[in-house]
Amino acid sequence: MRLARTLSSVLRRTMSTLPTTQRALQISEHGGPEVLQFNEVGVPQPSAGKIIVKVDWAGVNYIDNYQRSGLYPNKAGWPLTLGQEAAGTIVALPPSSPDDAAYKERDFQVGQNVAVYSAGAYTEYFSAPWQRVFPLPTGVDTKTAAAFTLQGLTVTSQIHESYEVKKGDTVLVHAAAGGLGLIYCQLLSTRGVRVIGTTSTKEKAALAKSLGAAEVLLYAGPEKEDIEARVLELTNGEGVHAVFDGVGKDTWELDFKVIRRLGTIVFVGNASGPVPPFPVLRLSEKNVKICRPTLVNSVADPVAAKRYADSLWSSITSGALKAKIHEEYPFSAEGLRKAHEDIAGRGTTGKLILKVA
Ligand SMILES: NC(=O)c1ccc[n+]([C@@H]2O[C@H](COP(=O)([O-])OP(=O)(O)OC[C@H]3O[C@@H](n4cnc5c(N)ncnc54)[C@H](OP(=O)(O)O)[C@@H]3O)[C@@H](O)[C@H]2O)c1
């Protein structure tokens with residue numbers, strides 16, 4: 001009798017009742033937005049090292065397009081559940097606590113609000129390795145967390161790992177009004193970095209300026225500027241200390257022209273297509289460094305990952321980082337199709353999120 005009571009109390013602490021089926025946004029082949037499907041799938045069961053989260057909100061990221069189209073080929077098997085980040089409530093913990101100080105430090109509890117950065121997020125019940133689950137502090141709700149986790153961890157880690165920004169630096173940020181771009185504008189300007197942004201429209205430029213960019217130049221559209229000349233003019237002919245480039249193919253050659261001697265080009269993404277191969281000797285023109293980081297590697301160490309998450313949450317709770325949500329989309333194939341078309345169609349600013357519950 002006492003054993004039964006103890007078991008039931010452990011179960012209450014480690015999981016709440018789970019349904020047997022749920023819905024997930026998946027693809028069974030690479031292709032355009034039409035390949036997105038809304039399928040009924042099983043609900044994950046508690047397993048070693050994994051935490052199950054009932055999802056409130058999921059974030060849409062440009063990487064979804066690469067995974068759907070096949071630019072990043074699927075190596076995990078079909079069907080593939082898309083989505084890289086979500087936020088919601090813990091409904092089940094691993095059956096036995098991992099013997100790891102970093103696990104204990106996160107102090108996971110059933111019922112706690114958390115953010116998750118892990119593959120396969122577009123589900124109602126998301127099972128993720130505990131290392132990728134981050135408890136939310138008071139002042140960060142699940143909607144805000146879904147708007148910031150992946151992009152915020154990327155910026156927070158890259159302004160430290162790829163190029164350690166310093167007060168007084170001048171940095172160029174491409175697509176400055178996008179999801180990643182607005183986070184760069186805010187986090188860099190609060191660190192005393194002068195941000196020169198690029199974008200495609202005057203409206204986007206005004207938004208990036210309102211969130212911290214000192215100058216925003218138009219690299220596309222009818223009022224397109226000569227970016228090389230303008231950046232050199234704004235930096236007394238020296239160029240910028242670093243470039244954070246998520247556009248790729250279309251801005252790649254420009255980056256070499258506007259980077260200063262000993263500067264760092266941080267190539268973070270391929271919104272306009274992947275960059276071509278290049279001769280390494282080219283770096284010697286100005287002794288330039290080039291990084292091609294991906295968040296997976298920056299958060300591979302759970303201690304570093306928590307440090308980045310804590311820094312992100314404190315930027316939000318201090319008011320240094322404000323969410324700019326472009327649109328909330330419904331959790332359906334039509335909802336995600338529209339989100340994918342919108343983000344690839346270049347008409348969005350800030351973050352796109354899916355309302356899951
Ligand atoms: N390495 C990592 O770990 C990591 C993590 C997060 C994101 N990323 C990358 O960072 C980039 C930004 O991601 P995000 O999710 O924040 O997207 P986003 O910036 O909100 O959207 C992409 C933006 O890229 C610009 N763009 C320029 N040329 C384009 C083209 N030919 N087609 C479409 N867009 C074009 C557009 O802004 P304008 O209209 O202003 O040009 C567009 O709004 C993406 O390349 C993404 O893959 C990388």
Side-chain angles (χ1 to χ4, degrees), residues 58-69 71-72 82-85 117-119 132 146-163 172-187 196-209 211 213 216-225 227 243-252 254-255 265-275 290-300 305 308 312 323-327 339-353:
V60 177
N61 293 283
Y62 210 93
I63 191 175
D64 281 18
N65 291 46
Y66 309 144
Q67 291 180 326
R68 193 205 63 237
S69 69
L71 178 66
Y72 293 172
L82 292 181
Q84 298 283 323
E85 72 185 321
Y117 160 59
S118 190
R132 300 293 199 83
F148 274 128
T149 302
L150 187 153
Q151 293 165 343
L153 290 175
T154 301
V155 174
T156 306
S157 55
Q158 292 322 311
I159 61 177
H160 169 61
E161 290 176 9
S162 289
Y163 176 73
L172 183 66
V173 174
H174 290 308
L180 212 63
L182 289 179
I183 300 175
Y184 276 121
C185 289
Q186 295 180 77
L187 292 187
I196 302 176
T198 58
T199 189
S200 60
T201 69
K202 279 185 161 174
E203 294 71 27
K204 287 186 174 187
L207 176 65
K209 272 192 165 181
L211 290 173
V216 183
L217 312 175
L218 297 179
Y219 61 2
E223 291 173 78
K224 186 174 167 180
E225 297 173 76
I227 306 295
V243 182
F244 290 99
D245 184 351
V247 172
K249 183 168 73 62
D250 290 355
T251 41
W252 177 245
L254 170 70
D255 295 346
I265 298 171
V266 186
F267 165 50
V268 281
N270 343 264
S272 66
V275 302
I290 293 196
C291 305
R292 204 321 180 180
T294 179
L295 182 56
V296 172
N297 290 316
S298 297
V299 298
Y308 292 134
L312 177 62
K324 160 70 178 73
I325 293 177
H326 174 77
E327 191 170 330
H340 278 200
E341 281 160 3
D342 288 352
I343 197 168
R346 218 167 163 170
T348 66
T349 52
K351 186 71 186 183
L352 291 67
I353 53 174

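Computed from a prediction, not measured in an experiment: that's the story for all the values here. Heavy atoms only: backbone and side chains are in, while hydrogens, waters and symmetry mates are out. Just follow the structure's listing: the first ligand is 1, and inside any ligand the first atom is 1.
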So Asp255 and His174, side-chain hydrogen bond (donor to acceptor under 3.5 Å, both in side chains) or not? Walk me through it. CA-CA 10 Å; Asp255 295 346; His174 290 308; 2.8 Å; yes
Which atoms from ligand 1 have a heavy atom of Gly269 less than 4.0 Å away? 9 (C), 45 (O)
Counting heavy atoms only, name the option from Thr154, Val266, Asp64, Ile343 that's nearest to atom 5 (C) of ligand 1. Thr154
Heavy-atom proximity to atom 12 (C) of ligand 1 ranks first, among Val60, Val299, Leu180, for Leu180
How long is the straight-line distance from CD of Gln151 back to CD1 of Ile183, given to the nearest 0.5 Å? 5.0 Å
Any heavy atom of Val247 under 4.0 Å from ligand 1? The part involved is side chain
Show me which atoms of ligand 1 lie under 4.0 Å from any heavy atom of Thr294. 1 (N), 3 (O)
Taking a cutoff of less than 4.0 Å between a non-hydrogen atom of the residue and any ligand atom, is Ala177 in contact with ligand 1? no
Under 4.0 Å from one or more heavy atoms of Gly246, ligand 1 contributes atoms 11 (C), 44 (C), 45 (O)
If the cut-off is 4.0 Å to any non-hydrogen atom of Arg292, which atoms of ligand 1 fall inside it? 1 (N)
Matching residue for Leu150 among Leu180, Asn61, Val155 - test: side chain to side chain contact (heavy atoms under 4.5 Å, CB included): Asn61
With a cutoff of 4.0 Å, is Gly181 in contact with ligand 1, counting heavy atoms of the residue only? no
For atom 18 (P) of ligand 1, grab the closest protein heavy atom and report residue, atom and distance to one decimal in Å. Gly179 N, 3.8 Å
Which protein heavy atom lies closest to atom 14 (P) of ligand 1, and at what distance to 0.1 Å? Gln151 NE2, 3.6 Å
When you measure from the side chain of Thr154 to the backbone of Leu295, do you find a donor-acceptor pair of N or O atoms at a distance under 3.5 Å? no
Give the single entry among Ser272, Gly347, Gly273 that approaches atom 31 (N) of ligand 1 most closely by any heavy atom. Ser272
Thr348 versus Glu327, side-chain donor and acceptor atoms under 3.5 Å: no
Atom pair CD1/NE2 of Ile343 and His326 - distance to nearest 0.5 Å: 9.0 Å
Test of understanding: with side chain to side chain contact (heavy atoms under 4.5 Å, CB included), list the residues that count as partners of Ala220, not counting sequence neighbours. Ser200, Arg346
Heteroatom distance test (Arg346, ligand 1): nitrogen or oxygen, under 3.5 angstrom: yes
N or O pair under 3.5 Å between Ala176 and ligand 1: no
With heavy atoms and a 4.0 Å threshold, my read on which part of Ala220 contacts ligand 1 is neither
Can you tell me which portion of Asn270 lies within the under-4.0 Å heavy-atom range of ligand 1? Options are side chain, backbone, both, or neither. backbone
How far is atom 19 (O) of ligand 1 from the closest protein heavy atom, and which atom is that? Gly178 CA, 3.5 Å
Return yes or no for this condition: an N or O of Tyr62 is under 3.5 Å from an N or O of ligand 1. yes
Working to the nearest 0.5 Å, report the span between CZ of Arg68 and NE2 of His340. 6.0 Å
Rounded distance [0.5 Å steps], CH2 in Trp252 versus CZ in Phe267: 6.5 Å
